[in-house]
2 protein chains.
Amino acid sequence: MSLKNFFKELSESENTNITMTDKQICIISAAIEIFSEKGYSATTTSEIAKKAGVGEGTIFRHYKTKLEMLLAIPNYLNKSPSSKSHMSDLTRIFESPYEKFEDFIKDVIQNRKEFILKNTPLIKVLVQEVPLHPELRDTMSESVLFPNMEKLIQAIDRFKEKGQIINIPSETIVHLLLTSMMGYFFTIFIASFHFNVDYDKEPDYLAQYILHGLSITDNKIELSREAAL
Amino acid sequence: MSLKNFFKELSESENTNITMTDKQICIISAAIEIFSEKGYSATTTSEIAKKAGVGEGTIFRHYKTKLEMLLAIPNYLNKSPSSKSHMSDLTRIFESPYEKFEDFIKDVIQNRKEFILKNTPLIKVLVQEVPLHPELRDTMSESVLFPNMEKLIQAIDRFKEKGQIINIPSETIVHLLLTSMMGYFFTIFIASFHFNVDYDKEPDYLAQYILHGLSITDNKIELSREAAL
DNA sequence: TCTCTGAGTGAGTGTTCACTCACATAAGCA
DNA sequence: TGCTTATGTGAGTGAACACTCACTCAGAGA
């Protein structure tokens, strides 16, 4: 079971001061699994205990309340070794002096795609619960989507200066990037919409699409009337 | 209160056979309001009754169970006059022989944007609950995002034949469009991410972005290695 | 006027919930 | 070995839940 491995890795890592007993690993991975299937609110603690193979009291020995379990998830995500390595890779991408925007955006997408695939159930819970628990919102944008936002904006500014991407506000570009990736992620992983498409190729079409979307082309497009006022 | 007006309009419309008493209107609009704030599962029927200003028993006179209230929402959305008019407008857009893809995509976005703004709380509930209640999924893609999908694909095929948009599978293009719009909608309306951007201009940037993203440009982009296999 | 019907009601009901607690066992240490 | 602390447990608990039901009442029809 990969979720258990995730927490085993997390517990055994030397860089984090998180130590967990076997039971505790069972509890949190069972919780995440059921949360992602039924939602936080509809999940009962007895159900978690049963799936984890522990007594119900054991849950409350480690987490004072059920809510505390949910709010602990971002913390685990942030401290996991795989997350940390993806994050530092991403920072390196943001800081590197890429020649072409194309290479930059492909590396960013590849990085986020790998990260999301490695932590799907965890992230699914976060995405699902973020509208109902605003406390989770900051973690979402800071650690799942674009950690190190300022560096990203600086990178985008550099590409704008080079004349490689369209001259609209950098915050807007970040929003469009985030929008595309969120939407892509939401439709496939969260809402499970089914499209008759090749899901292996799809992320590369996405890259191509974003790349086109922000590149400067010959056919200039006027903004519609209402945007002008 | 606009939600109450929505249902009053719905009830008084001649084309729908939906008749609702004042109390019933209060109940369903209170329910949708609380569902959108706290989520379906965390909302109690007594809370709905209190907000609607009715006795708790009255709720169960109109809806056998709490779940029935949730599942009734798509039905109301589909039968509302404003929804019907937006939907027939959209079908007309799909069928019209647009010269330029640019005009086409702008009209599509404008149509969906107006529809979403007119029905925000209702749609918010649907988006929020769709991962947990697969029954809602079909309604989402059929009535909220892209009703009349086949006609949309035919329209896209026409633009591809004219050489106005890139030659990737039409289903993929639909997915990218849906992805952009879903993501855009999710970040702003559902998850309430805050960006330091001009939200009036934002939809037009989105249009521009999508337009660019699908247009054929001089700088051809190679798909990355892994997509090729 | 009387009767019938359907909307409206809120105290009541059985169940389930998150959480507690007294106790059991294991682990660490002198 | 004995003492202390950490971990594990499941029966138990009060609160809260979705839902019921016996009842009221207003309005329509005769």
Side-chain angles (χ1 to χ4, degrees), chain A residues 4 7-8 10-12 17-73 76 125 128-129 132-133 135-136, chain B residues 4 7-8 10-12 17-73 76 125 129 132-133 135:
Chain A
K4 280 194 190 170
F7 283 101
K8 202 161 277 175
L10 179 58
S11 176
E12 287 162 1
N17 49 0
I18 296 178
T19 52
M20 298 167 100
T21 64
D22 279 0
K23 299 258 174 188
Q24 198 173 350
I25 291 172
C26 289
I27 289 170
I28 189 69
S29 30
I32 290 172
E33 227 165 290
I34 309 180
F35 284 167
S36 76
E37 280 166 24
K38 312 178 57 174
Y40 164 78
S41 209
T43 302
T44 68
T45 48
S46 74
E47 210 174 349
I48 296 172
K50 205 186 229 172
K51 180 146 202 166
V54 301
E56 204 173 343
T58 313
I59 290 176
F60 293 95
R61 168 99 28 213
H62 295 287
Y63 302 93
K64 262 183 283 180
T65 63
K66 188 181 142 190
L67 183 62
E68 206 172 81
M69 297 183 70
L70 179 67
L71 299 182
I73 295 176
Y76 291 134
V125 174
Q128 231 163 65
E129 300 302 329
L132 309 175
H133 302 89
E135 312 94 290
L136 297 174
Chain B
K4 280 193 189 171
F7 284 101
K8 203 162 276 174
L10 180 58
S11 176
E12 287 162 2
N17 48 0
I18 297 178
T19 52
M20 297 167 100
T21 65
D22 279 359
K23 300 259 174 188
Q24 198 172 351
I25 290 173
C26 289
I27 289 170
I28 189 69
S29 27
I32 290 172
E33 228 166 290
I34 309 181
F35 284 167
S36 76
E37 280 167 25
K38 312 178 58 173
Y40 164 78
S41 210
T43 302
T44 68
T45 48
S46 74
E47 210 175 349
I48 296 172
K50 205 185 232 173
K51 178 146 203 167
V54 302
E56 203 173 343
T58 313
I59 291 177
F60 294 95
R61 173 134 340 246
H62 296 287
Y63 302 93
K64 261 182 285 181
T65 63
K66 189 181 139 191
L67 183 62
E68 206 172 81
M69 297 183 70
L70 179 66
L71 299 181
I73 295 177
Y76 291 134
V125 174
E129 300 302 329
L132 309 174
H133 302 89
E135 311 93 291

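Within every chain, numbering begins at 1; the chains are lettered A, B, ... in the order of the sequence lines, protein sequences first and strands thereafter.
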Problem set entry | Rounded distance (nearest 0.5 Å) linking atom NZ of B/K66 with atom OG1 of B/T44 | 7.5 Å

For this session: Quickly work out the B/E47 CD to D/dC17 C1' distance and round it to whole Å.
Result: 12 Å

Exercise. Quick one: does B/Y63's side chain get under 4.5 Å of B/T45's, heavy atoms only?
Worked result: no

Problem set entry | Inter-residue atom distance B/K23.NZ - B/I25.CD1, 0.5 Å rounding | 12.5 Å

Problem set entry | For the student: nearest non-hydrogen atoms of B/H62 and B/E68, plus distance | O-OE1, 4.3 Å

For this session: Starting at atom CD1 of A/I27, determine the distance to atom C1' of D/dG10, rounded to an integer number of angstrom.
Result: 14 Å

Seminar exercise, completed: Nucleotide by nucleotide, nucleotides 7-22 of chain C touches protein heavy atoms under 4.0 Å in the pattern (B base, S sugar-phosphate only, - none) BBBB------SBBB-B

Exercise. Taking atom SG of A/C26 and atom CD1 of A/I59, what is their separation to the nearest 0.5 Å?
Worked result: 11.5 Å

Problem set entry | Atom pair OG1 (B/T58) and CD1 (B/I48), whose distance is rounded to the nearest 0.5 Å | 12.5 Å

Exercise. Has the side chain of B/E129 got a donor or acceptor atom that lies under 3.5 Å from a matching backbone atom of B/Y40?
Worked result: yes

Exercise. Under a 4.5 Å cut-off applied to non-hydrogen side-chain atoms, are B/Y76 and B/I32 in contact?
Worked result: no

Nucleotides 25-28 of chain D: which of its N/O atoms have a protein N/O under 3.5 Å away?
none

